[in-house]
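Within every chain, numbering begins at 1; the chains are lettered A, B, ... in the order of the sequence lines, protein sequences first and strands thereafter.
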2 protein chains.
Amino acid sequence: MSKSSKNQSVSNGEDTNKRLDDAARAGWLYYVAGKRQDEIAQIMGVSRQSAQRLVSLAMSSGIIKVRVDHPIARCQQLGQQLRDEFGLKYVEIVPDDPLSNSTTTGVANAAANELENRLKREDPQIIAIGTGQTLKATIDLLPNMNCPQHKIISLAGNLMPDGAATFYSVIFAVADKIKALSYPMVLPVLASSREERILLHAQSTIQSTLKLAQQANIAFVGIGDLGAEAPIYRDGFVSHKDLKILQKAGAVAEICGWVFDQSGILIDGLTNDLVASGPLPSPKSCLIIALAKGKKKLPGVSAAIKGNLINGLITDETMAIALLKNI
Amino acid sequence: MSKSSKNQSVSNGEDTNKRLDDAARAGWLYYVAGKRQDEIAQIMGVSRQSAQRLVSLAMSSGIIKVRVDHPIARCQQLGQQLRDEFGLKYVEIVPDDPLSNSTTTGVANAAANELENRLKREDPQIIAIGTGQTLKATIDLLPNMNCPQHKIISLAGNLMPDGAATFYSVIFAVADKIKALSYPMVLPVLASSREERILLHAQSTIQSTLKLAQQANIAFVGIGDLGAEAPIYRDGFVSHKDLKILQKAGAVAEICGWVFDQSGILIDGLTNDLVASGPLPSPKSCLIIALAKGKKKLPGVSAAIKGNLINGLITDETMAIALLKNI
DNA sequence: TATGCGATTGGGCAATTATCCAGTCGAAGG
DNA sequence: CCTTCGACTGGATAATTGCCCAATCGCATA
C-alpha cells in the first residue's frame, strides 16, 4: 500500500506524503496520546514550532477526525418530535452555533457520519448524492475508505452552464475517497431547451445513471432556497429574470434543480421542464435525507416535508424548533 | 489536557446528566464548531473557566472521540511485514510513544476502533472478550451503541479468588454500552482443584457460554507476561510459589489464564489444569486478536504467534520491530 | 556560480487554555 | 440554627499554544 507512489510532480508527491505522514504522527501523539507539543517536538526531533505546525496541519487537512459521542438531550428530543410529527424516518439535530453563520458546520459532520456508516455496510448500497455546498463539505469530512461493493450515483447535473465542471468534484471526490463505483451526471443542471433535455437523456450512459438513481437505497440532497441569493441563481444556473418568474409562481426552494412551492409540489412548466437531473428517488423505497441549515432554508425544508419529497433531515436546533412551531 | 479530572461522584443522576449534556455541547462547540472557550462561555452563559471545565470534562469522560485518518507509512509497512512473515490475518501497528510507559494508549484505541467496526455490522457477530487492563481500557473507549443483534462472550473467569467481581466490569461494561446480549463467566479465573473445575463447568449457564465461545467470530484477548510482576500474580490469581513453578517450567506468558511456553505450547499439569476459562477459540474459525504493548510482553507475543494461539495482533512499533528482528 | 523565489525554520511574543486558590453555595447532619 | 463537607465558581496566574517575521534553505534558472 505504501509503496513509493509514482511521483506525480517533481517537487511535490513524495515530499507532501512525508509531511502528511509526520502530521499524522504528530496529530496522533497530540490528540490520542495526549502529549504536549514540546514533547512531540522532542520525540520527533523538530522544533516546538514545527511540531505545532504539524499538529495544526493534521487538523486542518482533515487527518484528525473528532466526533461527539453523547446524546445531547435537547437535540435528541427535538429529533424525536420531528420524526413523530412529520413521519420522517431519519432525523438528526446538531447543536446550535449562534455566533457562526456557516451553513455547513455540524450538519456536514452529521451527514458524513451517517454516510460513513452506510459505507461500512457489507451489503451493496446504491447511494445517491445531490450537489451543493453542504454536500461538498460533507464529502470533505469523509475519511478514506475502501468500499468497492457500493455505487455512488450523482442525482443532479454536474456541469456549469458554460460546460465547466465545478461541482464535478463532489461526486469524483467521494468516489476517489471511498473507492466505489461512481456514476456522475455529465450534464448541465438545466438543459437549454426541452428538446436538448430529451437529447441529453437519450445518451446511454445517462440512461443507466438515471435508472440507478431510481434504485437508490439512500440519497443525500441539499435544499436550495429561491430568495435573492438563491444558489441556482448565484451559481449561474438560472438568470435573474427566471428567478423572478419562479418566485412569482410561488416557488420556495429546489432540490437537485427541481423547483417546488410551499406545499412541496413541483412547479410545472417553468425551469422544471429543463431540469437535467432525473426524478428524485421515491421516498417509498429510498431514504432521502435533506441537509439544511440556516433560516433561509426553513420554507424549503417545511415544503419538502409537506410534499413528501424527503423523509429524512439533518439540521440544527433553530431549524428544528422553527419547524415544530410552524405546525 | 492530560492530568486531573477525577471527580466521578456517585451522586445525583439527574444532575450528572445535565452536566454531561453541557459538556457534550461545549465539546461540540469546541472541537466540531471550532469555537474558542470564551465564545463557548458566552454562548452557554457561563464563565470562561466553567466552559474550560466542560470542554475538559467532555474530553476526559470520553464524550469526545478522536481518530487519526491517515495511513502512517511506517506503521502500515510494519503491519504488512508482520502479516506476511507470520501469516497473521489482522495486524494493526500504532505509533510509538517513547516518553510514556502506558501499556494501553494507542493499542486500546485501535482495538476499540476495530471492535466498533465489528459492532456496526448488521449480521450477528459472536464476539469473545478476555480480561486485563488493556481490554478494560478498550471498552472504556467504546462509544455507546445499540447492537442487539450481537453476542458478547466472556472468555475468562471474572471473579477474584475471594469471590469479588473486580473484572466483571469489563464484560458488563461492554454489554451495557452496546446493548448486546452478554454472556459473562461467573467463575474464578482458576478453580481451586480439578474437581472444582469440573463442577463449575457442569453448570448449564457456563456450558452454554463455553459453547458460544467456541463459535466466536472474533476474539479480543490480552497477553499476560509471567515475569516478577505477572498480572495473574499481581492480581492474586496465582501464588508467588506457583508463579515460580510456572517460570521454572518454561512458561513465558498466558492468555485468559492459559499458560504457554516460548513455543506457544500450553503447559500441561500445572495451573492450566485449573483454568476455568474455556479453551481458546480456534484460529481456523475465529479471528483472535491479541492486544499487547510493552517490552515485557515480547516473549509472550512471539510465542503466541509461533504456537498459533492467535492470528491477529494490535501492538506498537517497538514490538513490531522486535518481532521482526527475532525471526 | 550567482540570483531570485517560494517554502520552511525558529525566536519572540500575543492569544488561548489549564490550574491554583480562596470564597460561596447547598445538602446533610448535629 | 450552626457546622461540616464536597462541589462549584471566578479571579489570578502559570502553562501551553498560535502566529508574525526576519533569516535561511532548497532549488531552478540565468
Between CG on residue N109(A) and OH on residue Y31(B), distance to nearest 0.5 Å: 15.0 Å
K65(A) to L141(A) - nearest heavy-atom pair and separation: NZ-O, 2.8 Å
B/S/- contact track for nucleotides 16-23 of chain D, protein heavy atom under 4.0 Å: SBBBB---
Salt bridge E317(B)-R25(A), side-chain N to carboxylate O under 4.0 Å: yes
Below 4.0 Å: OP1/OP2 of dG10(C) and any side-chain N or O of S50(A): yes
d(CE, M44(A); P, dG10(C)) in whole Å: 13 Å
Rounded distance (nearest 0.5 Å) linking atom CE of M44(B) with atom CG of D22(B): 4.0 Å
Rounded distance [0.5 Å steps], CG in L115(A) versus CG in L291(A): 9.5 Å
Length of the line joining L20(A):CG and dT8(C):P, which is rounded to integer Å: 11 Å
